[in-house]
Structures are given as C-alpha cells and as structure tokens.
Q: 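Shown below is the structure under consideration.
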Amino acid sequence: MVTEHTPGKVDMEKIVSLCRRRGFIFPSSEIYGGLSSCWDYGPLGVELKRNIKEAWWQAVVRERDDMIGLDASILMHPQVWAASGHLEGFSDPLADCKSCHQRWRADDLKGDNCPNCGGELTEPRQFNLMFKTFMGPVEDDASTVYLRPETAQGIFVNFQNVLNTTRKRLPFGIAQTGKAFRNEITTGNFIFRSREFEQMEIEYFVKPGTDQKWFDYWLEERFNWYLKLGMKKENLKLRQHTHKELAHYAKDCYDIDFLFPMGWAELEGVANRTDFDLKQHANSSGKNLEYFDDETKEHYIPYVIEPSAGVDRSALAFLCDAYAEERDKDEIRVLLHLHPALAPIKVAVLPLSRKENLASVAKEIYSELRQCWMMQYDDAQSIGRRYRRQDEIGTPLCVTIDFQSLEDEQATIRERDSMNQIRVPIKELKTTLQAKLAGEDLFVLPPGGQIWKEGKA
Ligand code: GAP
C-alpha cells in the first residue's frame, strides 16, 4: 500500500527509460504489444536480480547456523489454499462502473462514482487474487490448481520434512526464493506491483512466548540488510500495520517502507504469523505438525516470524536509491551508485585502442578476470564515452590498458563514484580489484602502485 504521496527524488520515467535503454528490464512479449504488468529482465537486469537473491541467501542462509534453504514447487495441493485461508480470504473488494465497465478496487475509491467517467458503480464484490489453472487434460473443478500467491506455504507444508531430515532445534528458520503470482487489480509503477513476481521469504519457527523477541530481532536484521547493501537510511522507514490492515494470520506486522518515486511504499513485510499456518495445515491434513521440545519435554506448535521481501521491488528500490545525475563540465553524468555486490558488471576492461598488440594484452586480462567476476569488454568509441556507459549501469571499476601498459606492464583502475584512478602492475590487478570491490579505499596501493589521477575521468 502506498501510504503517503511524498514523491522520492528520482523520476520513475528516468528509471524506466534507463532500464529499457540499457537492457535491465523490458515489457513482457513486447513485440506483441506487451502483456500488462509482466516484465522481462534483460542481460543486466537478470544479473542485478541474481545478485540481490545471492546477497539475501548469503546473509540469511549461508552465514547462519539457524537457517536452511528450500525450493518448493509453485503448484501445490489445492487443499493448501483452503487451509491457509487464501481461497476464502485472499481477495480485494471490487466495484465495476456500469457505464465504462472499468473495474476499481473499492478501497482505492474516493467517492461514489467512477473516477474514469463519473458513471454509477456496482456494490463492491470480493475478487480472489489467485490465478487458477488445471492439472492434467480435463478442465473440471476436480483438477483445478492455483499458482501460488506466496512462497510461504511451501515452507509450512515442509516443516516436518525439514525437521526430520535436519534435526534442527528451535529457534530455526527456512528460507526460500521463488515466483509468486497474484491477479492484482491495480498494477503499475513499473515493477513495483506486477502479476508475476519473485519473493524472498523466511519462516522462522520459535517457541510461543519468545515470538516478540524474535519479531523485534528480524525487523532490525532485515532493515539493516538494506543499509549494508548501501541503501540510504533516509529512504527507508518502518511502519506498523493498523489493526484493520493486518492479514488474517497476523498478530503484528511492520512494513519496511522505501521512498519510491511515487511515495513511501512497502518493500518488505515482517509479520508475526503465530501458530496459525501450522495449526491450519495440521487440522486440514490430519498430520501432526507439533514440535517436541527435548529440554522441557513439551509438545507444541511453534510460532512463526515471517520476513517477506520482494525481489522485483528490491531491484526497483536499489535502482532508485542508486540513481544519480552529476554535472560534469557541459554534460550530465548519469550513474548508478550500486553496491559492488549488486552491480551487474563488476569490472569493465577497456583497451585504449583496437590495435592488435594492445587488444591481445587486454583480452588476456579480461579472460583471466572473468573467472572471478561478471565482466564486460568494451573497445568501441572514446574512452570517455565508455566510462559513461559503465557509470550508467553501475560498474564500480574500469581497467584501462594503454600503450604504456605494453612497456611498463601496468594498467589503470578507475573508480566509478570518485572517478579517481590508480595505476598498478598487471600482476597485482586481481588482488587489487578484489580488495577494492570488498570496500578498500582506492588510494590504498599495492606494491608498485601509484595514484594516477584524481577525479574527472
Ligand atoms: N507471505 C507473506 C506475503 O506474501 P506480502 O506483503 O503480500 O506478504 C511480501 O508480500 C512481499 O512480496 C512484499 O513486501 C513485496 O515486496 C512483494 N510483493 C507482494 N505483491 C507483489 C506484487 N504484486 N508485485 C511485486 N511484488 C510484490
């Protein structure tokens, strides 16, 4: 939900245009005129998205003893959605205009009439947001299945499987990334709200009574994750759900809101889902989903804390947060201040000329370094134009090979944000780039290195 209309500093049109122009994001099926609210991630977008998921997985699974991963299927037993409450309650109230037949979310309407033509509106009706499809060759009610509207349920129904196979003790969590589908009524704001999107969800199982402590813990942990990846603090805030807004399963919920171009809006939700889901699935499936606490010798259904983030929304937020325009002489330099962990291209190799002797050295460096990072090799147009191209897609470092490199076996490293340059021996390139991508100051020099230029490159 967009809460306040205080527009962020970046114009959404500029982000959309950059994404289109540079191959981050395209409208789905564009040659057929596009498909409403579906998007395709191009060569740079797919890298950005993978990097976001990778950074999340690293932080919430690989670096923790109390977390494990899962990859459940999108299609699930239809009873899952009856038990979870989605069949009954996952709906928006809709009103139709009797004149122009446009459909509106009743809670978005300001007055009694159609915002489009002023026509009379029908009484609001509930519209379920789940996409239906059919399993097998017969299209009847018995074969109806749903595309999951959240990845969370795949975790709940596997709770006992994970418990039995990993012998985890409470508190512990299960993490999952994957596609989710919702037949949203109001879409728009680019990839902010689409009908097919990706989620990064954690279900963290705790002993009842300790849930508030873990709720506070995850709220802070998740907020800090965005900050660690370079997001500006002034673009983030926490917002508690009002009682009316709370989902049917939640005891408490906070949104981590980001200042998107259209205003503050949800980036991630952190909810206390209590024991609602496990209890529902235990009742519905007839399976025992209790946990046996060996310390207290009690059997109970754990409570669940759920930090649930959107990959696409994160991508949009990181892009908006990183976007900058700087005056550089008579030009405007457009750049993305993306954190190196998120930047689609980490290092670009730029030979000053296409001459064979220079190109062969540059290509050798490129083929060695690409074993470590996503790289680009660019030898087209002036070096200034090439730096600008890399700035615009957020490449943190460029390596330039010039004619002097052939004699002194050194190369220049140029930093995106400061435009400062250092010159280092080619044999020191890999370790130097590694250190700079990990956050070391550019002017900390390797053996034989020197400061080359400050700014303006
Ligand atoms: N399991 C809880 C759950 O799904 P949610 O607040 O409905 O909660 C979690 O969704 C996150 O998924 C949101 O914070 C948002 O980042 C992302 N999300 C939800 N609906 C979306 C949509 N239609 N398009 C893009 N992202 C969406």
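Computed from a predicted model, the values in this text were never measured in an experiment. Whatever order the structure lists ligands and atoms in, that order sets their numbers, starting from 1.
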Q: Mind checking what makes ring pair (Phe, Tyr, Trp, His ring centres under 6.0 Å) contact with Tyr226, not counting sequence neighbours?
A: none

Q: Would you please indicate yes or no on a ring centroid separation below 6.0 angstrom for Trp214 and Tyr204?
A: yes

Q: Distance only, no hydrogens: is a donor on one side chain within 3.5 Å (strictly under) of an acceptor on the other, for His101 and Asp96?
A: no

Q: Which value, rounded to the nearest 0.5 Å, describes the distance between Phe223 atom CZ and Asp257 atom CG?
A: 10.0 Å

Q: Going by the ring pair (Phe, Tyr, Trp, His ring centres under 6.0 Å) test, which pairs reach into residues 150-187, not counting sequence neighbours?
A: Phe159-Phe205, Phe172-Phe205

Q: Could you pull out every protein residue that has a heavy atom closer than 4.0 Å to ligand 1, ordered by chain and then number?
A: Glu150, Ala152, Arg182, Glu184, Phe192, Arg193, Ser194, Phe197, Gln199, Glu201, Tyr249, Glu266, Leu267, Glu268, Gly269, Arg273, Glu306, Ser308, Ala309, Gly310, Arg313

Q: Can you give the donor-acceptor pairs under 3.5 Å from side chains of residues 302-312 to other protein atoms, not counting sequence neighbours?
A:
unit_1	atom_1	unit_2	atom_2	d
Glu306	OE1	Arg273	NH1	3.3
Glu306	OE2	Arg273	NH1	2.7
Ser308	OG	Glu201	OE2	2.5
Asp312	OD1	Glu198	N	2.8
Asp312	OD2	Tyr41	OH	2.7

